[in-house]
Amino acid sequence: QQQVKQSPQSLIVQKGGISIINCAYENTAFDYFPWYQQFPGKGPALLIAIRPDVSEKKEGRFTISFNKSAKQFSLHIMDSQPGDSATYFCAAKETSGSRLTFGEGTQLTVNP
Amino acid sequence: NAGVTQTPKFQVLKTGQSMTLQCAQDMNHEYMSWYRQDPGMGLRLIHYSVGAGITDQGEVPNGYNVSRSTTEDFPLRLLSAAPSQTSVYFCASSYSPWTVGATNEKLFFGSGTQLSVL
């Protein structure tokens, strides 16, 4: 049973466009929601993270939007660039726990 | 700092063989974990450790063993390899998963081991 569900599985965007990846979770005890970015042949790396006390967090071109009542959160990549082409994973964790649960991943391709 | 080091990078096994995937970190991290990555299934937690001498099962522990005799090392053992264990394996560590704060909770991943079981 996937506790964190991610969509879409793949996404193709033109350079300069907005990439949007969505995640939904079931466990209401989750209170830490990071996004990881993975380039081919590499391990994932932390991109940006949010806690439920805010509805949005922005770092450069990357924004997380969080909807606690809907138990959903999303990653927006503004002005998408070919260098953003990678696999993106959402994840969730309880502060009282140590386990990070990942979504299925989204393969993003940004065409020049 | 080398970060999280995994060896080997590639491995081919025959069904029934056993092997150990090595993982070492030099950041004095309390928490270490093993994930497997399969297409369409994301990263699934196999086993994890919150400190030397302490290990616990994740989502998909069957067929794997771990131990944590030192803070630095967290090897993953495949007891009797099966084709279903063909996957990319990642070791990851963090300073302290229970302490709130981006630095403490950030997972550092190794570069992965691509394992094929024939």
Side-chain angles (χ1 to χ4, degrees), chain A residues 1-11 21-27 29-54 57 59 62 64 86-107, chain B residues 2-6 9-10 21 23 25 29-51 54-61 68 74 88-114:
Chain A
Q1 182 182 356
Q2 195 79 20
Q3 291 197 58
V4 179
K5 298 193 72 65
Q6 183 173 346
S7 63
Q9 188 171 355
S10 63
L11 180 63
I21 304 170
N22 300 299
C23 283
Y25 63 96
E26 294 293 326
N27 185 350
F30 286 152
D31 56 5
Y32 173 66
F33 303 92
W35 285 87
Y36 280 76
Q37 180 188 55
Q38 182 185 31
F39 293 106
K42 305 291 186 183
L46 180 64
L47 182 64
I48 187 173
I50 196 169
R51 295 194 184 277
D53 52 343
V54 296
K57 182 174 182 180
E59 290 184 3
F62 299 91
I64 301 178
T87 300
Y88 292 81
F89 293 97
C90 63
K93 189 177 83 67
E94 302 173 34
T95 296
S96 60
S98 58
R99 299 165 51 152
L100 191 62
T101 300
F102 285 87
E104 299 93 330
T106 296
Q107 187 166 341
Chain B
V4 179
T5 303
Q6 286 184 240
K9 291 191 180 301
F10 302 94
L21 307 185
C23 176
Q25 52 88 11
H29 283 173
E30 290 183 55
Y31 180 83
M32 296 187 75
S33 56
W34 278 100
Y35 286 88
R36 59 177 289 174
Q37 182 175 8
D38 302 289
M41 305 194 75
L43 294 154
R44 292 181 293 169
L45 183 64
I46 304 171
H47 285 286
Y48 64 99
S49 169
V50 299
I54 305 169
T55 63
D56 206 346
Q57 297 181 351
E59 302 170 61
V60 289
R68 184 99 178 265
F74 190 46
V88 181
Y89 292 83
F90 287 99
C91 179
S93 70
S94 68
Y95 178 67
S96 174
W98 294 288
T99 305
V100 172
T103 302
N104 293 323
E105 294 172 300
K106 177 181 176 180
L107 266 183
F108 290 80
F109 282 82
S111 56
T113 296
Q114 189 165 329

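Every chain is numbered from 1 and lettered A, B, ... according to where its sequence line falls, protein lines coming before strand lines.
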*B:Q114 versus chain A, heavy atoms under 4.5 Å apart: side chain, backbone, both or neither?*
neither

*asked:* According to ring-ring contact (aromatic ring centres under 6.0 Å, His included), who are the partners of A:Y25, at least two apart in sequence or on a separate chain?
replied: A:F33

*asked:* Main chain of B:L107, side chain of A:Y36: is a donor-acceptor contact present, judged purely on distance under 3.5 Å?
replied: yes

*From A:K42 atom NZ to B:F90 atom CZ, the distance as rounded to the nearest 0.5 Å*: 10.5 Å

*Would you name the heavy atoms of B:Q37 and A:F89 that are closest together and state the gap between them?*
NE2-CZ, 3.3 Å

*Who pairs with B:D56 by salt bridge (charged side-chain N to carboxylate O under 4.0 Å, His left out), at least two apart in sequence or on another chain?*
none

*Checking A:Q107 against chain B: side chain, backbone, both or neither under 4.5 Å from a heavy atom?*
neither

*By a 4.5 Å heavy-atom criterion (distance strictly below it), what part of A:P44 contacts chain B: side chain, backbone, both, or neither?*
both

